[in-house]
Amino acid sequence: MGQTLTRETELPAIIQGGMGVYVSNHRLARTVAIAGGLGVVSGTGLDGVYARLLQDGDRGARWGIDQFPDQALAQRLLDTYFKPAGRQGKPYRNPPKWIIDPRTDRQRVGHVELQELAVVSAFAEVTRAKHRHEGLIGINVLRKIAMPIPATLYGAILAGVDFVIAGAGSPDEMPRLLDLLASHQEGSLSMKVLRATDGVEHATRFDPAQLSGLTTDAPLRRPRFLAIVASVDLAAGLAAAPATRPEGFIVEGPTAGGHNSPPRGPWRPQTDPSYDTRDDVDVAAIAAIGLPFWLAGSYGSPTGLRAAWEAGACGVQAGTVFALSRESGLTPELRRQILHQLSDGELRVTTDGSASPTGFPFKVHQLEGTLSDPAVRNARERKCDLGYLRQPVVRNGKVVYTCPAEPEPTYKSKGGREPQTSGRVCLCNALFAAAGLSQRRLGGYVEPPIFTGGADLETVHRLSPDGDEYSATDAMSFIRTGALTA
Ligand SMILES: Cc1cc2nc3c(=O)[nH]c(=O)nc-3n(C[C@H](O)[C@H](O)[C@H](O)COP(=O)(O)O)c2cc1C
């Protein structure tokens, strides 16, 4: 122990992983970057997050938006969402839902408004994370939540983001998307549309030219791209061609917080998975690819960092230890509940095979009052009003959007099968709630949260043996040196 960081080059030894929704926000990422790590803001749902922050009269969000180079556009968004005195107990007004094929005039207007909101929100979040320091800031997006990605990344690039990190699906189109957006060209990502006619391709796109108030067309600095992988095959496939090759990999194992890759062994979807040695990634084979890489999933510790270095990695990506630090976007109540339950030895973490509408296994901390509790789940009336996880599907010749967590009759009316809906949690509403942005329904019902954290809580326990708060700076220092700050 006692080893100090000696490898602080342009490639950081410690990456604070992206954690949506708004858990890894600008404050956490900035704190980590100042402490010498790569601080990563979450790009997931940022448009909705900023719409809510503005309705709560959040001055910091407003400040970020005030920095946007096209002030006419910024003002339009402020006119729509900013309430200096907050909502006065009223429900949040939601932005329109993401779609890929606006057809009516109303849909087209809503779609443009939404894209503008995504650009400006990502710009504001990255600008706030980069404020007054020279450290490194990245943004994380999930390939499964594709529709907002091109507009979100354009906003982040405008703000000078240093890294883009993507997982949850193959990120093979991301390098090209970043090339295009950094030169102000239209960028797109292909979209899987269920039951689409053979040969018809669908995509989500964003054309920077639609932001007519931006005066520069000088190329922007293209961020470096890191792909999150859980298999050598995916990593080697991405590295094989210049068009798909990232600047590095995050190799994430199944104990990590958030979504996990499905197990390689037998697994029936919607049952809780178990992992075995087949899920171990051959790190030597990753190293042999020759690109920089970081290890994630129970590596947020001094021993984890040393093991990663010994395996040839640049370092580690950690999530849970930062999610539970003072600077994270998690509500203080939820954070304290978790830290106290952990110090009392009563924290149970499960890998839930059915909760996430994405179909991926999802780590869940078992906490009273949250949607980990079946009673809380059953008391919630199904409602899909945010829609980030909706899957496009062709129905009667038109693209419609479905989510297995939406009300069952609606899901079935779009061709979905009832068993698919079982056990699903509306992660959109639950994750907004975990970040203190719960929707309040008209009858007074407040959307409950869920917390996704990793299975390995050893470092958190070391930093907070009695359930007391700690900062992300303490976590950085402990991972690097093994020493606890006072
Ligand atoms: C609260 C939470 C939310 C997460 N959300 C995301 C996410 O939105 N995108 C992503 O790529 N990874 C996400 N992760 C994974 C982390 O970025 C990181 O890779 C992981 O937590 C590392 O494992 P550890 O938790 O054992 O440190 C999340 C993790 C946590 C704890």
Side-chain angles (χ1 to χ4, degrees), residues 14-25 28-29 32 37-46 49 138-145 148-149 152 163-169 171 174 225-230 249-261 293-301 303-305 307-308 315-325 328-331 334-335 338 347 349 351 356 358 360-365 367 370 372 388-389 427-428 430-435 449-461 463 472 475-476 478-479:
I14 303 173
I15 301 177
Q16 161 258 304
M19 295 178 281
V21 171
Y22 205 52
V23 172
S24 65
N25 62 12
L28 176 58
V32 168
L38 166 57
V40 181
V41 297
S42 167
T44 302
L46 262 189
V49 165
I139 189 165
N140 172 271
V141 289
L142 296 171
R143 184 61 178 85
K144 272 263 181 187
I145 307 180
I149 290 180
T152 302
F163 284 84
V164 168
I165 301 181
M174 296 292 294
F225 175 60
L226 305 182
I228 303 176
V229 297
F249 298 109
I250 313 269
V251 184
E252 195 179 71
T255 57
H259 285 94
N260 304 130
S261 282
F293 66 100
W294 290 259
L295 298 182
S298 307
Y299 280 92
S301 65
T303 44
L305 181 57
V316 299
Q317 169 166 292
T320 306
V321 66
F322 291 114
L324 295 174
S325 72
S328 99
L330 216 57
T331 64
L334 201 50
R335 198 156 30 82
I338 300 164
L347 188 56
V349 183
T351 310
S356 175
T358 64
F360 279 80
F362 190 63
K363 282 277 179 305
V364 178
H365 281 204
L367 301 162
T370 73
S372 62
Y388 291 101
L389 293 169
L427 288 189
C428 294
L431 294 176
F432 271 73
I450 197 163
F451 178 65
T452 175
D456 178 5
L457 292 156
E458 179 59 33
T459 299
V460 177
H461 193 57
L463 289 162
M476 284 291 292
F478 178 71
I479 296 172

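Counting convention: from 1, in listed order, for ligands and their atoms alike. Quick note: numbers below take in every heavy atom, side chains included, and nothing from hydrogens, waters or symmetry partners.
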Sequence neighbours excluded, the answer for ring pair (Phe, Tyr, Trp, His ring centres under 6.0 Å) partners of Phe225 is none
For Asn260, which residues count as a side-chain hydrogen bond (donor to acceptor under 3.5 Å, both in side chains) partner, sequence neighbours excluded?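 Residues passing side-chain hydrogen bond (donor to acceptor under 3.5 Å, both in side chains) with Asn260: Lys363.
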Run the side-chain hydrogen bond (donor to acceptor under 3.5 Å, both in side chains) test against Ser298 and tell me which residues pass, sequence neighbours left out. Thr255
Any Phe322 side-chain heavy atom under 4.5 Å of Val40 side chain: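 No, their side chains stay 4.5 Å or more apart.
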For Ile250, run the side chain to side chain contact (heavy atoms under 4.5 Å, CB included) check against Ile228, Asn140, Val316, Val229 and tell me which one passes. Ile228
Note down each nitrogen or oxygen pair, ligand 1 side and protein side, whose separation is under 3.5 Å; give only atom names and the distance to 0.1 Å.
from, atom 1, to, atom 2, distance (Å)
ligand 1, 5 (N), Gly20, N, 3.3
ligand 1, 8 (O), Gly20, N, 3.1
ligand 1, 9 (N), Asn140, OD1, 2.8
ligand 1, 11 (O), Asn140, ND2, 2.9
ligand 1, 12 (N), Gly18, O, 3.3
ligand 1, 14 (N), Gly18, O, 3.4
ligand 1, 17 (O), Gly18, O, 2.9
ligand 1, 17 (O), Gln317, NE2, 3.4
ligand 1, 19 (O), Glu252, OE2, 2.5
ligand 1, 19 (O), Gln317, NE2, 2.7
ligand 1, 23 (O), Gly297, N, 3.3
ligand 1, 25 (O), Gly257, N, 3.3
ligand 1, 25 (O), Thr320, N, 3.2
ligand 1, 25 (O), Thr320, OG1, 2.5
ligand 1, 26 (O), Ser298, N, 2.8
ligand 1, 27 (O), Gly319, N, 2.8

Could you check whether the rings of His259 and Phe362 sit parallel, tilted or perpendicular, using 30° and 60° as the cut-offs?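 His259 and Phe362: tilted rings.
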